[in-house]
Amino acid sequence: MIDDQIIKLIELESLFTLVQISVLKDDYLVVEFLSDSRPKTRVEKEALVAYICEWLDLNRDLTSFYKMARQDPLLKEVVERFPGLRLVGVPDLFEALCWAVLGQQINLNFAYSLKRKFVESFEESITYKGRKYWAFPSYEKLANLSVEDLAVIKMTGRKSEYILGIAKLMSEGELSKEKLQQIKDFNHVEKELISIRGIGPWTANYVLMRCLRYPEAFPIADVGLMNAIKYQLRMDRKPSSEEILKLSSGWTGWEAYATFYLWRVRY
DNA sequence: AGCCAGGAGATTT
DNA sequence: AAATCTCATGGC
């Protein structure tokens, strides 16, 4: 990502396309298709644009969020610092789940390096102008691996078990984004996710917010959120869950966005 | 050097 | 049910 431009390898219907998105005049996004794997039909092109709209949450009307946030002591500064920021999603369910499990209880830098090794060890890349672009490993591929295979990249046994279990559930068709989308009730989807081994309240809400796109999803016990609140309010300790509940009482329906904006705060 | 990290499950009280 | 222990590597 070079400030106002990003290149991403997008997979749709097992077709890989290298897409470049850039900002034009602060107001428009220009989408260009790179490499040889350009979309051939109008339908394919429109599907890619739809994917990008979902990924960057472009169709969300943030008016009421900003109206609320400008009055909120915790949010008013961050919404001024990052105007227009949208909740960047992780459209692929397996990727969202893996990313969440990888990030459980380890520092972010280690999580990033683990994810990088995970992707580079278990998936292919394409090269464009001397740079490699990676797709995320598929659950079919992971379902055939073992804890020992994952130990090579310093994944702990527990994380490996969780990810392999999830890969198996998805391979068997027991778990899919489509199935979760059919359940309309937020609490019901959350319960369904938490029933899976390795997925607790934090992971479930992380996925609800970044993949299933529920703006009311709220990973309340998130350490990054706690530290951001601590920093914003100049506290000498991390806030308790009760304090966070109280501070977030005005966020109703926008908890995911509030969390995402606070994640941008570096402390 | 020691604490803790964008937690979850198992065990104990 | 609620508190406590275990996993376990690496960053600071």
Side-chain angles (χ1 to χ4, degrees), chain A residues 57 74-75 78 82 85-90 92-121 136 146-169 175 189-233 235-245 247-248 251 254-267:
Chain A
D57 210 26
L74 202 43
L75 298 177
V78 286
F82 306 104
L85 174 69
R86 281 167 190 273
L87 203 165
V88 178
V90 183
D92 180 73
L93 178 66
F94 184 58
E95 180 173 354
L97 283 164
C98 286
W99 183 214
V101 170
L102 285 171
Q104 288 170 3
Q105 187 58 19
I106 57 175
N107 66 70
L108 259 190
N109 285 332
F110 181 38
Y112 285 133
S113 96
L114 250 189
K115 186 185 187 187
R116 179 179 211 93
K117 281 189 281 187
F118 185 82
V119 170
E120 294 184 355
S121 303
F136 197 80
S146 67
V147 173
E148 290 73 32
D149 296 319
L150 297 185
V152 176
I153 61 165
K154 306 288 188 192
M155 284 258 291
T156 64
R158 199 92 86 182
K159 283 188 200 301
S160 304
E161 286 171 23
Y162 294 168
I163 286 176
L164 295 177
I166 289 165
K168 202 157 291 175
L169 277 178
L175 171 65
V189 187
E190 184 186 29
K191 224 187 226 175
E192 189 74 20
L193 282 167
I194 291 176
S195 72
I196 297 165
R197 181 171 151 81
I199 303 180
W202 179 84
T203 304
N205 278 274
Y206 184 91
V207 171
L208 284 160
M209 117 183 213
R210 302 202 72 173
C211 181
L212 299 171
R213 292 288 187 198
Y214 284 89
E216 69 266 47
F218 195 16
I220 185 148
D222 183 83
V223 179
L225 177 65
M226 293 184 193
N227 283 327
I229 293 174
K230 174 185 169 191
Y231 178 81
Q232 287 300 96
L233 300 182
M235 298 169 70
D236 56 355
R237 55 173 176 78
K238 285 186 293 192
S240 65
S241 303
E242 290 74 26
E243 288 172 313
I244 295 183
L245 272 178
L247 289 165
S248 63
W251 301 354
W254 288 109
E255 290 86 345
Y257 256 89
T259 302
F260 197 74
Y261 269 73
L262 286 168
W263 275 349
R264 307 298 350 131
V265 174
R266 285 295 160 245
Y267 32 87

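Naming: A, B, ... by sequence-line order, numbering from 1 per chain.
At a threshold of 4.0 angstrom between heavy atoms, the contacts of A:Tyr162 are confined to the sugar-phosphate backbone, with no base atom among them. Residue A:Ile196 is in sugar-phosphate contact alone, with no base atom involved, counting any heavy-atom pair closer than 4.0 Å across all strands shown. Nucleic acid contact for A:Asp222: base, since at least one base atom lies under 4.0 Å from a heavy atom of the residue. Residue A:Thr203 is in sugar-phosphate contact alone, with no base atom involved, counting any heavy-atom pair closer than 4.0 Å across all strands shown. Nucleic acid contact class of A:Leu114 (heavy atoms, under 4.0 Å, all strands): none. Counting any heavy atom pair closer than 4.0 Å across all strands shown, A:Pro219 reaches no nucleic acid atom. When heavy atoms are screened at a 4.0 angstrom cut-off, A:Tyr112 is found touching base atoms of the nucleic acid.
With both ends at atom P, the span from B:dA8 to C:dG11 equals 22 Å, rounded to whole Å. Here the separation of B:dG2 from C:dA8, taken at their P atoms, is 22 Å to the nearest Å. Distance check on atom P: B:dC3 versus C:dC5 gives 15 Å, rounded to whole Å. The P atoms of B:dC4 and C:dT4 are separated by 16 Å, rounded to the nearest whole Å.
Atom C1' of nucleotide B:dA8 and atom CG of A:Asn205 are separated by 14 Å, given to the nearest angstrom. At whole-Å resolution of the value, CH2 in A:Trp202 and P in B:dG7 are 6 Å apart. Rounded to whole angstrom, the span from the CG atom of A:Leu193 across to the P atom of B:dA8 amounts to 11 Å. Computed from coordinates, the A:Arg197 CZ to B:dG7 P distance equals 18 Å when rounded to whole Å.
For residues 191-200 of chain A, the set of pairs meeting the side chain to side chain donor-acceptor pair (under 3.5 Å) definition, not counting sequence neighbours, comprises A:Glu161-A:Arg197.
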Show me the protein contacts with nucleotides 7-9 of chain C, counting only N or O atoms at under 3.5 Å.
residue : atom : partner  : partner atom : Å
C:dC7   : O4'  : A:Arg158 : NH2          : 3.2
C:dA8   : OP1  : A:Gly157 : N            : 3.0
C:dA8   : OP1  : A:Arg158 : N            : 2.8

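With ring centers used as reference points, A:Tyr112 lies under 6.0 Å from A:Trp99.
Under the salt bridge (Lys or Arg N to Asp or Glu O under 4.0 Å) criterion, A:Arg86 pairs with no residue at all, not counting sequence neighbours.
Around atom CZ of A:Phe82, more than 12 heavy atoms belonging to other residues, nucleotides or ligands sit under 6.0 Å away.
Side chain of A:Asn205 to backbone of A:Pro219: no donor-acceptor contact under 3.5 angstrom is found.
Using cut-offs of 30° and 60° on the angle between ring planes, the pair A:Phe94 and A:Phe136 is perpendicular.
Nearest-nucleotide mapping onto DNA chain B: of A:Gly198 and A:Asn109, the residue sitting toward the 5' end is A:Asn109.
Salt bridge absent: A:Lys115 and A:Glu120 never bring a charged side-chain N and a carboxylate O closer than 4.0 Å.
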